[in-house]
Amino acid sequence: DVFGATAFLLTLVGSARCDFIKFTSVDGTFTDHFGVWRYGQWAYLTNGEQAWLYEGCFPYSDSVVIDSKWKAARAFDAMVLIGGLLFFMM
């Protein structure tokens, strides 16, 4: 089924990315990225001699309070991914 495969792949890509929601500053100079499982952030990495600026997705820390709507979104995301994986195995 083409529709089932497409839905699974789009859900897989959507849940792996960290830009499900974007907030842009009023002047347009800065954008925050948030996903269901992870968030986008800039990280400054250095080894003492060289420095790198890394933009990537990072998991939320344990200090982030997750409300019931967020938990429901995560639960449905996991159900779709597991159901899609089972669909491909059949």
Side-chain angles (χ1 to χ4, degrees):
D1 182 58
V2 175
F3 293 114
T6 303
F8 172 71
L9 291 174
L10 289 175
T11 301
L12 183 64
V13 169
S15 65
R17 296 185 55 131
C18 58
D19 59 354
F20 185 74
I21 298 174
K22 293 181 186 178
F23 293 104
T24 304
S25 63
V26 176
D27 60 0
T29 58
F30 184 74
T31 303
D32 277 335
H33 301 268
F34 301 97
V36 176
W37 299 98
R38 298 185 285 170
Y39 66 98
Q41 178 178 329
W42 292 88
Y44 179 75
L45 308 171
T46 182
N47 64 359
E49 296 177 12
Q50 295 178 325
W52 299 273
L53 192 59
Y54 172 73
E55 179 185 14
C57 295
F58 299 93
Y60 291 103
S61 68
D62 293 334
S63 64
V64 175
V65 178
I66 299 174
D67 64 355
S68 60
K69 293 177 184 177
W70 195 348
K71 288 179 183 178
R74 283 183 164 188
F76 281 108
D77 183 55
M79 286 189 311
V80 169
L81 288 174
I82 292 169
L85 183 64
L86 293 174
F87 173 77
F88 276 132
M89 295 175 127
M90 294 178 139

In this structure, NE2 of H33 is separated from CD1 of I21 (nearest 0.5 Å) by 12.5 Å
*asked:* Is the distance from the ring center of W70 to that of F34 below 6.0 Å?
replied: no
Check your understanding: Between F58 and F23, is there a shared hydrophobic cluster once you connect ILVMFWY residues whose side-chain heavy atoms come closer than 4.5 Å?
Key -> yes
All heavy atoms of K22 vs all of T31, minimum pair found to be CB-CG2, 4.1 Å
Inset, instruction - For the pair W52 and N47, evaluate side chain to side chain contact (heavy atoms under 4.5 Å, CB included) and give the outcome as yes or no after the intermediate values. - result: CA-CA 9 Å; W52 299 273; N47 64 359; 3.8 Å; yes
Between I66 and R74 the two heavy atoms that sit nearest each other are CD1-NH1, 3.3 Å
Practice problem: Decide whether V64 and Y39 are clustered together by the hydrophobic rule: side chain heavy atoms of Ile, Leu, Val, Met, Phe, Trp, Tyr closer than 4.5 Å, transitively. | Solution: yes
Review point. Is there a donor-acceptor pair closer than 3.5 Å between any side-chain N or O of R17 and the backbone N or O of G35?
Key: no
CZ of F76 to OG of S15, rounded to nearest 0.5 Å, is 15.0 Å
d(L53 CG, T46 OG1) to nearest 0.5 Å is 12.0 Å
#### Entry: CG (D62) with more than 12 external heavy atoms under 6.0 Å
no
Using modelled atom types and a 3.5 Å cut-off, is there a donor and acceptor pairing between side-chain atoms of W37 and backbone atoms of P59? no
Next item on the list: Look at the side-chain heavy atoms of Ile, Leu, Val, Met, Phe, Trp and Tyr, link any pair under 4.5 Å apart, and say whether Y54 and Y60 land in one connected group.
Entry: yes
